[in-house]
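Here the structure is laid out as structure tokens; the discussion comes afterwards.
We count residues from 1, following the sequence as given. What you are looking at is a predicted structure, and each value in this text was computed from that prediction instead of being measured. Heavy-atom basis, side chains included; hydrogens, waters and symmetry copies ignored.
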Amino acid sequence: QVQLVESGGGLVQAGGSLRLSCAASGRTFSSYTMGWFRQAPGKEREFVAVINWSFSPYYADSVKGRFTISRDNAKNTVYLQMNSLKPEDTAVYYCARDSVVKRSWGPWRDTDFGSWGQGTQVTVSS
């Protein structure tokens, strides 16, 4: 079972930036789509961004143009660069690995991701 460990969350003012990292264990990282999801208090978990095994990124409309997902297969790490943060971005952010090897296309549902990190809190103050 792969282990995913997120880091980089914190408290930031509106308009600021944060960079989340997710380090994965194992030797098959490069074969899987990796994603970021988030869950705000009282809300369901929602899709934020994914990067598939061939490095194509996909974003939720709410973060498009502000967030950038990337991956470094040599380091088994996926990143989420978050710029122009808004109070509505406040949530626990989760890193996840797809359950299917080399899946290139969505839809990107959280139920399709079988491995999850513990989450990292992002709080954006107004």
Side-chain angles (χ1 to χ4, degrees):
Q1 181 75 1
V2 66
Q3 290 188 324
L4 304 173
V5 179
E6 301 104 331
S7 61
L11 173 64
V12 64
Q13 288 189 333
S17 298
L18 283 174
R19 188 194 195 201
L20 305 184
S21 299
C22 172
S25 64
R27 299 191 298 175
T28 59
F29 177 81
S30 62
S31 297
Y32 288 90
T33 291
M34 299 296 297
W36 288 95
F37 293 78
R38 67 186 181 187
Q39 187 167 22
K43 295 188 177 182
E44 293 187 351
R45 187 164 56 191
E46 65 175 2
F47 164 73
V48 176
V50 300
I51 183 164
N52 71 13
W53 66 279
S54 60
F55 290 83
S56 295
Y58 300 89
Y59 299 95
D61 288 342
S62 59
V63 307
K64 203 171 292 184
R66 300 188 298 121
F67 290 11
T68 302
I69 190 170
S70 61
R71 66 190 297 160
D72 185 339
N73 288 347
K75 296 182 178 179
N76 277 18
T77 300
V78 60
Y79 304 96
L80 186 68
Q81 177 67 44
M82 305 185 294
N83 298 329
S84 302
L85 282 161
K86 305 175 181 179
E88 51 264 44
D89 294 320
T90 295
V92 177
Y93 283 70
Y94 296 93
C95 171
R97 192 188 79 169
D98 200 353
S99 297
V100 177
V101 174
K102 294 188 176 181
R103 183 165 69 111
S104 297
W105 305 105
W108 308 110
R109 299 170 298 204
D110 60 351
T111 51
D112 293 326
F113 287 73
S115 301
W116 293 83
Q118 81 286 354
T120 185
Q121 177 70 47
V122 171
T123 302
V124 184
S125 64
S126 57

Using a side-chain heavy atom cutoff under 4.5 Å and only I, L, V, M, F, W and Y, what cluster partners does L4 have? V2, V12, L18, L20, F29, M34, W36, V48, I51, F55, Y59, V63, F67, I69, V78, L80, M82, L85, Y93, V122, V124

Interatomic distance, CD@Q118 vs OH@Y94, rounded to 0.5 Å, equals 9.0 Å

Restricting to pairs with a member in residues 27-87, which pass disulfide bond (SG atoms under 2.5 Å apart), not counting sequence neighbours? none

Around atom CD of E46, are there more than 12 heavy atoms of other residues, nucleotides or ligands at under 6.0 Å? yes

Those residues that, when tested against S31, pass side chain to side chain contact (heavy atoms under 4.5 Å, CB included) (two or more places apart): V101, K102

Of all residues at least two apart in sequence or in a different chain, which pass the side chain to side chain contact (heavy atoms under 4.5 Å, CB included) check with E88? K86

Measure across Q1 and G114 and return the closest heavy-atom pair with its distance rounded to 0.1 Å. NE2-O, 4.2 Å

Pairs involving residues 67-84, ordered by first then second residue, that meet salt bridge (Lys or Arg N to Asp or Glu O under 4.0 Å) (sequence neighbours left out): none

Let me confirm one number: the OG1-CH2 distance from T33 to W53, rounded to the nearest 0.5 Å. 9.0 Å

For Y58, which residues count as a ring pair (Phe, Tyr, Trp, His ring centres under 6.0 Å) partner, sequence neighbours excluded? W108

Contact list for residues 110-125, test salt bridge (Lys or Arg N to Asp or Glu O under 4.0 Å), sequence neighbours left out: R45-D110, R109-D112

Give the minimum heavy-atom separation between P87 and A14, together with the two atoms involved. CD-CB, 4.1 Å

List in chain and number order the residues that pass side chain to side chain donor-acceptor pair (under 3.5 Å) with T123, two or more places apart in sequence or in another chain; answer none if no residue qualifies. Q121

What are the two closest heavy atoms between V50 and G35, and how far apart are they? CG1-CA, 3.7 Å

Here the salt bridge (Lys or Arg N to Asp or Glu O under 4.0 Å) pairs for residues 52-70, sequence neighbours left out, are D61-K64, R66-D89

Do E6 side-chain atoms and G119 backbone N/O form a donor-acceptor pair below 3.5 Å? yes

Filter on disulfide bond (SG atoms under 2.5 Å apart), then keep only pairs touching residues 60-98, sequence neighbours left out; what's left? C22-C95

What's the separation between atom CD in Q3 and atom OG in S25, rounded to the nearest 0.5 Å? 5.0 Å

For W116, enumerate each residue passing the ring pair (Phe, Tyr, Trp, His ring centres under 6.0 Å) test, keeping only those at least two apart in sequence or located in another chain. F37

With S54 via side chain to side chain contact (heavy atoms under 4.5 Å, CB included) - residues at least two apart: N52, S56

